[in-house]
Number of protein chains: 2
Amino acid sequence: MSSVTAIKEGMPRQKGSGAPRMKSEERRELILAAASGVFGERGYVGTTTDAVAKAAGVSQPYVVRMFGTKSALFEAVLQRSLGTLLREFRREIAAQGRATPELPGCIGRCYVELLSDRGLLLSLMQGFMLGADPEVGPIVRAGFLEVYRVLRDEGGFSPEQAADFLAEGMMINTLVALRMGADFDTDRDARELIEGTMPAKASMLRDLART
Amino acid sequence: MSSVTAIKEGMPRQKGSGAPRMKSEERRELILAAASGVFGERGYVGTTTDAVAKAAGVSQPYVVRMFGTKSALFEAVLQRSLGTLLREFRREIAAQGRATPELPGCIGRCYVELLSDRGLLLSLMQGFMLGADPEVGPIVRAGFLEVYRVLRDEGGFSPEQAADFLAEGMMINTLVALRMGADFDTDRDARELIEGTMPAKASMLRDLART
DNA sequence: CTCCGTTGTAATCATCCGATTACAACATAC
DNA sequence: GTATGTTGTAATCGGATGATTACAACGGAG
């Protein structure tokens with residue numbers, strides 16, 4: 001079929017080396033993890049499906065076909081992030097016991113640990129900023145309230161404790177989004193603010209902003 | 001291509017009514033106010049210069065020419081919002097006196113009042129989410145730290161007081177971005193969370209989300 | 001009046017991006 | 001072997017959007 005038929009030939013697949021054929025579920029998780037990072041960094045609108053594809057090491061049409069639309073991909077990322085957050089909170093509650101005096105501090109540490117999964121908290125926060133969107137809005141409102149209920153009903157937080165905890169969380173999210181950690185070593189006020197907000201794990205913010 | 005003269009004619013200026021010719025500084029303020037609302041609602045990337053133009057009642061090229069680029073327009077909006085915020089805080093500090101016990105509560109009320117200027121706090125928050133941007137990032141970090149310094153140095157807040165105040169502010173911003181006020185009347189938990197966060201002015205969030 | 005700077009718009013361009021199509025390479029069943 | 005489903009990509013399309021150009025209407029100075 002080489003020459004005579006003038007139809008254009010795709011000259012494909014010379015990656016003779018171990019072509020890493022993968023099951024679609026593995027690819028799905030790979031793409032979700034990559035998308036979480038990109039959405040967290042650039043926001044929903046600022047993220048291109050091509051950037052996600054490159055971060056995941058696949059082609060752009062593959063990303064779109066697997067999730068249908070960019071919007072569906074973002075919602076899958078949100079569900080994944082929220083699911084991880086709730087699971088970790090519940091694990092901590094189970095470990096420390098409901099309404100123990102140590103629990104708030106433990107869940108706080110737990111929250112900060114989640115920062116190591118670059119993109120998890122930031123993609124959620126980017127979702128919160130889309131509250132006015134008729135499709136994403138209801139999802140993120142419900143997710144936020146679910147976190148509140150887990151703290152109050154399963155963790156035994158008082159409403160005020162839960163609200164204060166969430167306020168601290170939003171502050172941390174904001175400092176991360178701002179990349180305030182980049183100024184940790186060079187700006188006294190930045191350092192004081194970060195250490196005042198998360199005394200234990202201040203250095204984590206600095207290292208996070210290095211990237 | 002209907003008629004003989006194929007050249008398309010620009011048929012201009014039939015607005016015979018009072019053409020509201022305006023000085024460019026008035027237009028500038030009009031556009032900034034409109035842009036503040038649109039950027040606050042849709043974020044930087046999600047906002048089109050055409051949407052800003054329509055909100056301000058002018059044409060899209062006019063917006064671009066007046067500010068040069070969309071990015072410059074956004075930075076002007078940020079400076080305007082930050083300027084208003086700092087001015088109001090300083091006014092409150094001057095009225096109540098530095099480091100008085102009433103001051104934190106007064107500045108808190110002052111902050112919530114700023115919500116009536118739809119878009120002011122939200123456009124700032126949208127700016128915070130751009131912290132990774134090499135151009136906007138330094139600007140918003142500097143702005144955030146300036147607010148912190150005003151509270152601490154001019155208001156006499158302790159570092160911890162200032163950090164707690166900012167955390168509450170970020171929580172309020174998040175609730176506004178989420179449009180959580182939309183569920184105020186229909187969801188017990190949403191109402192409890194809002195009232196736990198801003199006891200005095202909870203209804204303001206509800207009314208704000210009605211739009 | 002004419003001249004000219006300011007205020008404003010219509011039309012258009014170039015680029016980016018999500019989505020679609022068509023197809024290639026592999027895997028498994030028969 | 002052949003048939004069929006799965007995994008993956010190259011090429012491309014159509015719409016959106018920031019920016020540019022060219023031009024029109026006003027208003028004050030002389």
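Reminder, nothing fancy here: chain letters follow the sequence lines and each chain counts from 1. Quick caveat, the model's predicted, so the values are computed rather than measured.
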Distance, rounded to the nearest Å, where A:Arg28 contributes CZ and D:dT7 contributes C1': 16 Å
Quickly work out the A:Arg65 CZ to D:dT7 P distance and round it to whole Å. 9 Å
Which part of the nucleic acid, if any, lies within reach of B:Thr48 when heavy atoms closer than 4.0 Å are counted: base, sugar-phosphate only, or nothing? sugar-phosphate
For atom CD of B:Gln60 and atom C1' of C:dG8, their distance in whole Å: 13 Å
Atom pair distance, as rounded to whole Å: OH in B:Tyr62 and C1' in D:dA25: 14 Å
Are any of A:Arg27's side-chain N or O atoms less than 4.0 Å away from OP1 or OP2 of D:dG8? yes
Among B:Thr48, B:Asp50, B:Thr49, whose side-chain hydrogen bond (donor to acceptor under 3.5 Å, both in side chains) with B:Gln60 holds? B:Thr49
If I take atom CG in residue A:Leu73 and atom P in nucleotide C:dC17, what distance separates them, rounded to the nearest angstrom? 16 Å
What's the closest nucleotide to the side chain of A:Val64 if the choices are D:dT9, C:dT20, D:dT21? C:dT20
Quick one: which of C:dA19, C:dC17, D:dT17 gets closest to the side chain of A:Thr69? C:dA19
Length of the line joining A:Asp50:CG and D:dT9:P, which is rounded to integer Å: 12 Å
Assess whether a salt bridge exists between B:Arg210 and B:Asp185, defined as any Lys/Arg side-chain N lying under 4.0 Å from an Asp/Glu carboxylate O. yes
Hey, does A:Ser24 reach any base, or is it just sugar-phosphate, or nothing, if we go heavy atoms under 4.0 Å? sugar-phosphate
Could you walk me through whether B:Tyr148 and B:Asp153 pass the side chain to side chain donor-acceptor pair (under 3.5 Å) test, one step at a time? CA-CA 8 Å; B:Tyr148 177 69; B:Asp153 300 339; over 6 Å; no
Which part of the nucleic acid, if any, lies within contact of B:Ser71, taking any heavy atom under 4.0 Å across all strands shown: a base, the sugar-phosphate backbone alone, or nothing? nothing
Round to a whole Å and report the spacing from CD1 of B:Ile31 to P of D:dG18. 14 Å
Length of the line joining B:Lys70:NZ and C:dC16:P, which is rounded to integer Å: 15 Å
Which nucleotide wins on minimum distance to the side chain of A:Lys23, given the candidates C:dC17, D:dT7, D:dG18? D:dT7
So, B:Asp189 and A:Arg152, do they make that salt bridge, N to O below 4.0 Å? yes
With a 4.0 Å limit, can you tell me whether B:Thr49 has a side-chain N or O closer than that to the phosphate oxygens OP1/OP2 of D:dG18? yes
A:Tyr44 ring centre to A:Lys70 NZ or CZ under 6.0 Å, with the angle to the axis within 45°? yes
